Amino acid sequence: MSQQIYNTLTRRKETFETIQSRLVTMYVCGPTVYDKAHVGHAMSALAFDVIRRYLEHGGYQVRHVMNYTDVDDKLIRRGRELDVNPIHLAERYIGEFEKHIADLGLLRATVYPRATEEIPRIIALIERLVAKGHAYAIEGDVYFRVKTDGDYGKLSGRRLEEMRAGARIAVDERKEDPVDFALWKAAKPGEPSWESPWGSGRPGWHIECSAMILRHLGERIDIHGGGNDLIFPHHENEIAQSESATGQPLARYWAHNGMMQLAGEKMSKSIGNLVTIEEFLARHEADVLRMMVLGSHYRSPLTFSDETVTQATSALERLRSALRPVTSASGGADAGKAENLERQIEASRKRFLAAMEDDFNTAGALGHLFDIVRVIHQACEQGLAADRITSAQDQLRLLMGVLGLHSERPAAAGDRSAAFIELLIDMRNELRGLKLWALADRIRDRLDDLGVLIEDAREGTTWRRR
RNA sequence: GGCGGCGUAGCCAAGUGGUUAAGGCGGAGGUCUGCAAAACCUCUACUCUCCGGUUCGAGUCCGGACGCCGCCUCCA
């Protein structure tokens with residue numbers, strides 16, 4: 001088998017082949033930084049993080065670019081409402097997002113370009129489009145002339161006639177065609193603006209991505225990603241701009257993640273039904289969100305609810321349960337059982353890889369990881385030699401790492417309670433030795449209330465944080 | 001209205017037309033344990049929204065109905 005990837009452009013799974021051998025160029029649309037990011041943004045970033053990790057695991061080098069839209073209508077409006085410079089506002093939310101990237105355990109992109117830092121390239125690209133007759137200027141605005149793009153609508157499956165007919169867009173009489181869209185917007189007083197051949201103004205939304213891709217990745221890229229809400233108009237327009245300018249197909253594979261749903265609706269800023277990344281991380285560990293994303297296919301919608309969060313938390317705990325230090329020291333089990341363990345793990349590992357090769361089927365892949373979890377526990381029950389179990393655990397840890405999951409919860413910084421907890425456990429075990437069960441149980445219950453879970457095994461007492 | 005997607009157990013969710021429909025969560029019973037917890041074992045969808053069709057054979061392909069979601073306006 002070879003890597004398969006679903007391509008929105010063809011609406012089919014296709015065999016993944018890169019333009020340059022062993023190098024993947026991937027551009028993923030990032031957020032417009034006018035407000036706090038929510039878990040839906042995180043879902044998208046996580047989905048492409050996993051794709052990238054798997055490609056890297058397969059031996060590819062990935063050149064990964066994610067943009068920040070740091071100038072647009074919403075940012076300007078927001079800045080006006082709060083009476084702050086929109087550029088500074090963007091700066092603040094970019095800072096927050098950068099922290100989320102670290103907190104969520106996302107691999108850092110190769111470059112994080114910002115619209116405001118790409119203005120000369122954006123202007124150059126627009127000039128190129130104007131020179132080729134694909135764009136026209138009117139009173140300081142520049143519009144893309146959609147009718148010059150013969151295959152406009154190919155990504156989203158739309159036809160121009162139908163779009164003109166059912167135009168819900170407020171028609172700007174100055175445009176040649178209602179479907180034409182802005183490449184450059186003339187500045188209004190007090191707005192951030194840059195000088196251009198058409199007067200002072202700022203870029204339209206779609207053009208920044210075309211310009212950034214051109215600069216940071218080239219005329220053609222392997223994967224272009226983003227949420228499926230961007231298919232139209234954003235990605236359709238990007239294709240129109242880039243391909244009209246270069247005469248080449250922009251991206252080989254268009255990959256789109258499904259939307260995070262909250263209470264049966266898409267999570268979005270405009271509806272206001274959202275949970276910010278900050279809120280989520282204040283209550284849960286980052287890997288819980290990763291587990292939620294891994295638990296269903298990236299192209300499907302993902303339901304966010306108390307119950308799905310709890311389920312993901314428990315599932316993560318289950319995965320990690322197989323990685324606890326091996327305490328059994330018997331080692332008396334026969335070699336046949338050890339071989340059996342290795343065989344089962346190898347079979348699961350192959351199924352895991354096959355699932356991932358099939359359009360990054362993380363939910364299927366996770367299922368095979370849980371099979372490994374079970375056989376590790378079985379091996380422990382059977383008293384297999386510790387070194388055989390440890391090597392099985394190494395396999396599991398490695399595959400979890402491919403998905404970006406950590407094998408244990410990161411320790412809280414500056415927490416020095418461990419020594420005290422162990423002191424209490426020692427005291428409790430003395431009480432147990434004296435069969436003073438009531439007192440011993442009280443210590444266990446009180447620690448449980450504090451989030452510390454005590455487990456008495458034959459080999460001794462262990463504890464962990466809930 | 002146009003385009004796209006989805007409907008699998010109490011919940012989440014995978015599923016190349018073909019032996020017993022993954023896995024997780026939850027639940028029930030058992031083993032272990034002073035009691036727990038964890039782990040292990042057993043059980044928890046004779047059936048994949050419904051109705052037709054193609055086929056020797058369909059959750060999987062085709063048509064239709066119903067329901068839900070996304071995009072068509074800023075959106076990951």
Side-chain angles (χ1 to χ4, degrees), chain A residues 1 8 11 28-32 34-35 37-48 66 69 72-75 77 153 156-159 161-163 165-170 205 225-234 236 256-261 264-271 291-292 294-297 299-303 305 307-319 321-322 324 351 354-355 358 361-371 373-374 376-378 380-382 432 435-438 440-441 444-445 448 453-458 461-464:
Chain A
M1 261 304 266
T8 307
R11 307 200 183 284
V28 181
C29 284
T32 301
Y34 75 97
D35 205 345
H38 58 73
V39 290
H41 297 112
M43 175 197 179
S44 186
L46 283 163
F48 287 98
M66 193 198 85
T69 300
D72 91 317
D73 293 354
K74 292 214 149 180
L75 216 30
R77 191 186 320 145
S156 57
R158 274 156 231 264
R159 290 180 197 186
E161 311 81 68
E162 284 161 2
M163 292 176 54
R168 282 166 59 184
I169 324 155
W205 177 34
N228 67 13
D229 54 346
L230 298 180
I231 294 171
F232 189 89
H234 186 53
E236 194 70 72
H256 292 100
N257 63 277
M259 293 294 103
M260 181 79 90
Q261 312 272 133
E265 265 187 312
K266 172 186 162 184
M267 188 178 287
S268 82
K269 290 175 190 169
S270 36
I271 303 174
M291 278 298 279
M292 291 179 67
L294 294 171
S296 80
H297 193 92
R299 285 190 279 119
S300 305
L302 177 61
T303 307
S305 68
E307 187 168 16
T308 56
V309 173
T310 305
Q311 289 181 357
T313 308
S314 301
L316 178 62
E317 180 58 32
R318 165 86 181 154
L319 266 187
S321 70
R324 291 176 199 151
R351 290 192 199 105
D358 183 11
N361 180 357
T362 53
L366 260 190
H368 304 305
L369 251 37
F370 283 110
D371 288 335
V373 168
R374 193 179 54 256
I376 288 176
H377 281 309
Q378 284 169 339
C380 291
E381 295 275 322
Q382 292 168 356
R432 291 175 69 216
K435 298 197 189 303
L436 293 170
W437 308 122
D441 290 352
R444 183 173 63 198
D445 292 345
D448 188 75
L453 202 67
I454 303 284
E455 292 176 356
D456 299 318
R458 188 162 313 182
T461 301
T462 60
W463 66 276
R464 64 177 189 274

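By convention in this document, chain letters (A, B, ...) are assigned in the order of the sequence lines, proteins followed by strands, and residues within each chain are numbered from 1. Values reported hereafter were calculated over all heavy atoms of this structure, with side chains retained and with hydrogens, waters and symmetry mates removed. No experiment lies behind these values; they were computed from the predicted model shown.
- Using a 4.0 Å heavy-atom criterion, one finds that Ser270(A) contacts the bases of the nucleic acid, with or without backbone contacts as well.
- Residue Phe232(A) contributes atom CZ, which lies 10 Å from atom C1' of U73(B) at whole-angstrom precision.
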Using a cut-off of under 3.5 Å, enumerate the N/O to N/O pairs linking the protein to nucleotides 33-38 of chain B.
residue	atom	partner	partner atom	Å
G34(B)	O6	Arg432(A)	NE	3.2
G34(B)	N1	Asp441(A)	OD1	3.0
G34(B)	N2	Asp441(A)	OD2	2.7
C35(B)	O2	Arg444(A)	NH2	2.6
C35(B)	N3	Arg444(A)	NH1	2.8
C35(B)	N3	Arg444(A)	NH2	3.3
C35(B)	N4	Asp456(A)	OD2	3.3
A36(B)	N6	Asp456(A)	O	2.5
A36(B)	N1	Asp456(A)	N	2.9
A36(B)	N3	Arg444(A)	NH1	3.0
A37(B)	O2'	Glu455(A)	OE2	3.4
A38(B)	O4'	Glu455(A)	OE2	3.0
A38(B)	O2'	Arg324(A)	NH1	2.8

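- Distance from the side chain of Ser44(A) is smallest for A76(B) among the nucleotides A76(B), C72(B), A13(B).
- Atom NZ of Lys266(A) is separated from atom P of C6(B) by 18 Å (rounded to the nearest Å).
- Contact of the Leu366(A) side chain with the Leu319(A) side chain is registered, since non-hydrogen atoms from C-beta on lie closer than 4.5 Å.
- Following rounding to the nearest Å, Asp371(A) (CG) and A22(B) (C1') show an atom-to-atom distance of 7 Å.
- Look at CG on Asn257(A): it is 15 Å from C1' on G4(B), rounded to the nearest Å.
- Residue Asn361(A) has a polar side-chain atom (N or O) positioned under 4.0 Å from OP1 or OP2 of G15(B).
- Remark: P of G24(B) and CD of Gln311(A) are 13 Å apart, rounded to the nearest angstrom.
- Minimum interatomic distance between Met260(A) and Gly40(A) (heavy atoms only, all atoms of both residues): CB-CA, 3.8 Å.
- Between Met43(A) and Met292(A) the shortest side-chain heavy-atom distance does not fall below 4.5 Å.
- Between Met259(A) atom CE and C69(B) atom C1' there is a gap of 12 Å when expressed in whole angstrom units.
- Under 4.0 Å is where a charged nitrogen must lie from a carboxylate oxygen, and between Glu381(A) and Arg458(A) no such pair does.
- One can place CG of Asp35(A) at 11 Å from P of A76(B), the figure rounded to the nearest angstrom.
- A close approach under 4.0 Å does not occur between any side-chain nitrogen or oxygen of Thr32(A) and OP1 or OP2 of C74(B).
- Atom CZ of Phe370(A) and atom C1' of A14(B) are 13 Å apart (whole Å).
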What protein N or O atoms touch nucleotides 18-21 of chain B N or O atoms at under 3.5 angstrom, if any, and at what distances?
none

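- Taking a pair as Watson-Crick or G-U wobble with both distances under 3.5 Å, the runs of three or more consecutive pairs in RNA chain B are B:1-7 with B:66-72, B:10-12 with B:23-25, B:26-31 with B:39-44, B:49-53 with B:61-65.
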